[in-house]
Protein chains: 2
Amino acid sequence: MSPGRSYHHGDLRAALIEASFELLAECGLRRFSVAEVARRLGVSSAAPYRHFADRRQLLSAVSTAAARDLRTAIEAAADAAGDDPAARLAASAGAYVRYVARTGAGIQVIYAAELYDVADDARREQTRALMTTMLDLAGAAGARTYPEVVLLVEATIAVAHGYTSLFADGFFARNSIPVDDIAARAVEAAGALISH
Amino acid sequence: MSPGRSYHHGDLRAALIEASFELLAECGLRRFSVAEVARRLGVSSAAPYRHFADRRQLLSAVSTAAARDLRTAIEAAADAAGDDPAARLAASAGAYVRYVARTGAGIQVIYAAELYDVADDARREQTRALMTTMLDLAGAAGARTYPEVVLLVEATIAVAHGYTSLFADGFFARNSIPVDDIAARAVEAAGALISH
DNA sequence: GTCTATACTCCGATAGAC
DNA sequence: GTCTATCGGAGTATAGAC
């Protein structure tokens, strides 16, 4: 962007993370590969390893950014939904569907089993903050005890993730149904769970 | 099983399908490979290709069996739920969670995008029958118009698939929460959607 | 910091012996 | 109908030149 350095991107590290999002959105975690990310950026397959020790470290950085951005999107959606606590929590389901459809980085990436034992404090902090945001929304929405709060968060995530996953897998004839329609259905379904 | 033939399994074809289920349950479609299935059966990596033209034909056969067995499980669960049409549809969500947790072959395998253009009449018939069963349950459960029926089926599958996917990805700390608990939550959530 | 080149592993699939 | 052997391709990761 700024400095016309010796070769491309003044910041390959950031470019790798950005391109990883695009690859995930197109192909899913299933066919994600460091080599393909490098190819898309026009750098050699060795270049990423100057910035990330291995594949998992790159994915961990993506997970960190995704947790941060998803949390921001959820908070914005909750605020846009107004003051009703149930509507605010339900709105998080819509934000999840839209964010993951756009970026390809949802729960499967953010909390990927593959990353379970990767030491990365930044990621820990962001995933924790994301969960805290959800727990706060659920707490405000009427769940009383902590276990109830957790169950409500899990149900909301499950319905949002379910719609997202079906959408990503082409179950909805992807071309014919806009993502905003799917997001609206997820909000409605989440609302039904919350008021139940 | 029966004839003590020249080498192992009298029926490698059936054994391949069975072992594919086990591999899917353990590793998901993500790391499924024909070579690994062959390895587990103690046959060479070339052997499967005597019975299936390629990887997708094997997966298609798995999809066919999964659609048939899942439909049977759903019908049994609906019947076990009694006469209330809403309870019958909700029960299908529980059957889905249990079946996929056990076999690894859910919507992502049965309706895999990878198999979209594989010609396989048996598979077409079974996936169609599965969908018909779900549409019938939803129709009985109160959805009036055809689009409403479809929306209700999609919502039920989304919630069942969401819980299943989170469970498979280890989001629930797999060791500590039994699959039957997750299935019960899916039934409850589906019930909330249906009565909404 | 990026490149070229390479080693290693795994998978899908085929050819030909038995 | 299964085996051995093999090819081609893709991915992860490293070594060493520049």
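Predicted model, so just to flag it, every value in this text is computed and none were measured. Chain A is the first sequence line, chain B the second, and so forth, proteins listed ahead of strands; every chain is numbered from 1.
The salt bridge (Lys or Arg N to Asp or Glu O under 4.0 Å) analysis of residues 176-187 of chain A, with sequence neighbours excluded, yields the pairs Arg185(A)-Glu154(B). Within the structure, side-chain hydrogen bond (donor to acceptor under 3.5 Å, both in side chains) contacts touching residues 84-97 of chain B (residues at least two apart or in different chains) are Asp79(B)-Arg88(B), Tyr96(B)-His161(B).
Residues satisfying the side chain to side chain donor-acceptor pair (under 3.5 Å) criterion with Arg30(A), sequence neighbours excluded, are Glu114(B). For Glu36(A), the side chain to side chain donor-acceptor pair (under 3.5 Å) partners at least two apart in sequence or on another chain are Arg39(A), Arg40(A). In this view, Phe52(B) satisfies the ring-ring contact (aromatic ring centres under 6.0 Å, His included) rule with no residue, not counting sequence neighbours.
Distance Leu16(B) CG to dT2(D) P: 9 Å, rounded to the nearest Å. Rounded to an integer number of Å, the gap from CZ of Arg13(A) to C1' of dG1(C) is 14 Å. Remark: C1' of dC11(C) and CZ of Arg30(B) are 16 Å apart, rounded to the nearest angstrom.
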Completion exercise
Going 5' to 3' through nucleotides 9-18 of chain D and flagging B where a protein heavy-atom sits under 4.0 Å of the base, S where only the sugar-phosphate is that close, and - otherwise, we get --SSBBBB--
